[in-house]
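Data first, discussion second: the structure below is written as structure tokens.
Note on naming: letters A, B, ... go to the chains in the order of the sequence lines (proteins, then strands), and numbering restarts at 1 for each one.
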Amino acid sequence: MAQITLTLPDGNQRSYEAGITPAEVAADISTSLGKKAISATVDGAHWDLAWPLESDASFALHTIKDEDRALELVRHDLAHIMARAVQEIWPDVKVTIGPVIEHGWYYDFDRAEPFTPEDLGAIEKKMREIINRRDPVTTEVWDRDRAVQFYKDNNEPYKVELIDAIRGDEPLRMYWHGDWQDLCRGPHLQHTGQVPADGFKLMSVAGAYWRGDSDRAMLQRIYGVAFLSKERLRAHLNMLEEAAKRDHRKLGREMDLFHFEEHAPGSVFWHPAGWRIFQNLINYMRRRQEAAGYVEVNTPDIMDRALWETSGHWFNYMDNMFLAQTHDDRDYALKPMNCPGHMMLYNHSLRSYRELPMKIGEFGKVHRYEPSGALHGLLRVRSFTQDDAHIYCTPEQLQEECAKVNELVLSIYKDFGFEDVHVKLSTRPENRIGSDESWDLSESALKTTLDEAGMRHTIFEGEGAFYGPKLEYVLRDAIGRDWQCGTLQVDYNLPERFGSTYVSASGEKLAPVMLHRALFGSLERFTGILIENWEGKLPFWLAPRQVVVASIVTEADDYVLEVVDALKKAGVQVEADVRNEKINYKVREHSVGKVPVILAIGHREVEDRTVTVRRLGEKQTSVASLADIVSELSAAALPPDLAN
RNA sequence: GCUGCUGUAGCUCAGAGGUAGAGCACUCCCUUGGUAAGGGAGAGGUCGAGAGUUCAAUUCUCUCCAGCAGCACCA
């Protein structure tokens, strides 16, 4: 028998006969390690304890203490344990796939009756039984024909389909948890008892398409979360509760910012306070863009079909466009994008190279008939306002303009407290317009921009828009969630389709390149993201109601109004609250409404011409003179681009 | 769009085959109270819409609409 040498993490080497398993190595090192081991890493690959070792390798054993490995295994075994539990309860349910995901796993089943919440409880109970049985996990490599026949005999058509999809040269590995069997790449634990029985919870059941394809069968997906201890699980569940508290739909109601109606699904009714946030964003962006050399324009909401045919939208997105019926025998559509309107604007007069780069922005409201299931509060709507702009430039200017947009967007996100930004680069899709040469140029311009700025990014092959590749800016929020916001797209195609030109220095008519860019993206969505990020407690300059001046006694009312007046004149968004209510009541109400500053006025303040200041989230109050508080709050009300 | 669930007062929710209830909010009265809900009274609902079953439907059935979770989609 050949000998192999395993090099342990501490540098020690051990020699064994080829074909030995990591489980045997672990037991050889110590009895307790043999019991505690859950998997191994062999030359960097995560290795099942049952897989034989055939050659020299670096070798490390893992126990439940190696958190990353342990979580992966535990979650993966739980997927199998859950599938087993389901089949033990309902033998006719067909199994499909069950991968590990962030925080847990899911498994998709084909079953005629829907799983109910009570079913989840029953499954969970059965899973604990299986864990307590400490069923051994064993594995074998089968050849393809045997596996296919096995699944045909067992009436598991999805598994047969999976095997068909696996490359011919890949070994098919079968796993048994006790006498229950599944096709699986592995690795797995030694036995089901290695799963912490109190660290998991089944969360929900929902539909999911087989193989992610909406033309195929709808399966039932059960989601579970799993951690290595009860405490970790509880912490995760608490985190979910915290996230739920940030739900902008709930905060929007509590803060009286906006609402939705049945008769306008996916369209926002902005209340005064919500609209103020919205306007704050637009005004801020308007200033930043003006400073960056943009001009603002406005183009029609409804335009003739012919325009959308020229742009390509009609053929690519007709199903998702709102069409306008009129009595003049013309087809109109509500604009789903601003770019065709901007093309009209560009083409309206003969352009000189001296005008380029030409940057035209519009806070245009676009309408898209989004699938009903996609709608989600402010985050996915059917009519929304973009901070859209198009930059027309010469091919020579392209690279620099991309870099400028990139710089601007990062600087703006920073003003909103988003410093953790990463970028998705999406390249040419199958359905596209334009030549491969123009796509080469566009993609390389975006790639170069990221490389020169040294920004981390992920490439998404084939995910670009039909007219050009795109960058998408993804922000990480205060509790670690990612939100896709801004975009930068290079487009050689629309200028060509619209016959746009500029006159060059040598008098030739040449085609410009255009950039599409939006930095907030959708103002509606960005507002929603800000609400979630700050849990409604927006920074002072953005807060829709910055200050409430509340009277404690009726005799203070005149002075309250004087304070309100002074703050208003100083540019602060302020309201008086002189209702016949106790100060406790007022403080509670405005705190729930996330008003950052409450100024309370009683006899003392009237006499001393002061205010008592209570800031959101602080129990402690302080006293300030009227003049001081006015100057402090008027400074705080300045947007970051205007503050010193 | 697909699967499942939900729809009762402005909000959060209870309820039952015999045309409805609570708390908060709202209006009025009392109370002038010092930092997260002072007390009392009143008003408020075609029970999402339509059809069917029934002597009788808000309750049961079906269709539609909207919302929620997930999937698919996201120019």
For [X] and [N], give me the distance from atom [atom1] to atom [atom2], rounded to whole Å.
X	N	atom1	atom2	answer
A:D577	B:rU35	CG	P	16 Å
A:Y317	B:rC73	OH	C1'	10 Å
A:M318	B:rC73	CE	P	20 Å
A:L120	B:rC5	CG	C1'	12 Å
A:M337	B:rC74	CE	P	13 Å
A:D215	B:rG1	CG	C1'	11 Å
A:Y467	B:rC74	OH	P	13 Å
A:L219	B:rG4	CG	P	13 Å

ask   = Do A:R517 and A:E401 come within less than 4.5 Å of each other through their side chains, counting heavy atoms only?
value = no

Rounding to 0.5 Å, atoms CG (A:L446) and OG1 (A:T427) come to a distance of 10.5 Å

Any chance the side chains of [X] and [Y] put a donor and an acceptor closer than 3.5 Å?
X	Y	result
A:T299	A:K335	yes
A:T612	A:T621	no
A:S551	A:K586	yes
A:Q386	A:S522	no

Is a donor-acceptor pair below 3.5 Å formed from side chain [X] to base [N], judging by atom type as modelled?
X	N	result
A:E370	B:rG1	no
A:Y209	B:rG1	yes
A:T116	B:rG4	no
A:R380	B:rC73	yes

Closest to the 5' end of RNA chain B, once A:V553 and A:N320 are matched to their nearest nucleotides, is A:V553

Walking RNA chain B from its 5' end, the first of A:V205 and A:R253 to be reached, judged by nearest nucleotide, is A:R253

Which class fits the ring pair [X] and [Y]: parallel under 30°, tilted 30 to 60°, perpendicular over 60°?
X	Y	result
A:F109	A:Y107	parallel
A:H342	A:H390	perpendicular
A:F466	A:Y317	tilted

Symbol by symbol from the 5' end, with Watson-Crick or G-U pairs under 3.5 Å, [ ] crossing and | another strand, RNA chain B is (((((((..((((....[..)))).(((((.......))))).....(((((..]....))))))))))))....

Closest approach to the side chain of [X], judged atom by atom: which nucleotide of [options] is it?
X	options	answer
A:E605	B:rA75, B:rG1, B:rG34	B:rG34
A:E262	B:rA75, B:rG7, B:rG34	B:rG7
A:P114	B:rA66, B:rG1, B:rG4	B:rG4

Establish, with yes or no, whether the OP1 or OP2 oxygen of [N] is under 4.0 angstrom from a side-chain nitrogen or oxygen of [X].
X	N	value
A:R249	B:rA69	yes
A:S372	B:rG1	yes
A:H376	B:rA69	yes
A:Y223	B:rC71	yes
A:R368	B:rC73	no

- Message: Between A:D215 and A:R211 (salt bridge meaning N to carboxylate O under 4.0 Å), is one present in this structure?
- Response: no

Which is true for [X] with a 4.0 Å heavy-atom rule: it touches a base, it touches only sugar-phosphate, or it touches nothing?
X	value
A:S551	nothing
A:K586	nothing
A:P265	sugar-phosphate
A:G212	sugar-phosphate

Discussion item. Is the positively charged end of A:R579 above the ring of A:Y585, judged by distance under 6.0 angstrom from the centroid and angle within 45° of the axis?
Written reply: no

Protein N or O to nucleotides 36-42 of chain B N or O, pairs below 3.5 Å:
unit_1, atom_1, unit_2, atom_2, d
B:rA36, OP2, A:R614, NH1, 3.4
B:rA36, O4', A:R588, N, 3.4
B:rA36, N7, A:R614, NH2, 3.2
B:rA37, N7, A:R588, NE, 3.2
B:rA37, N6, A:R588, NH2, 2.4
B:rA37, N1, A:R588, NH2, 3.4

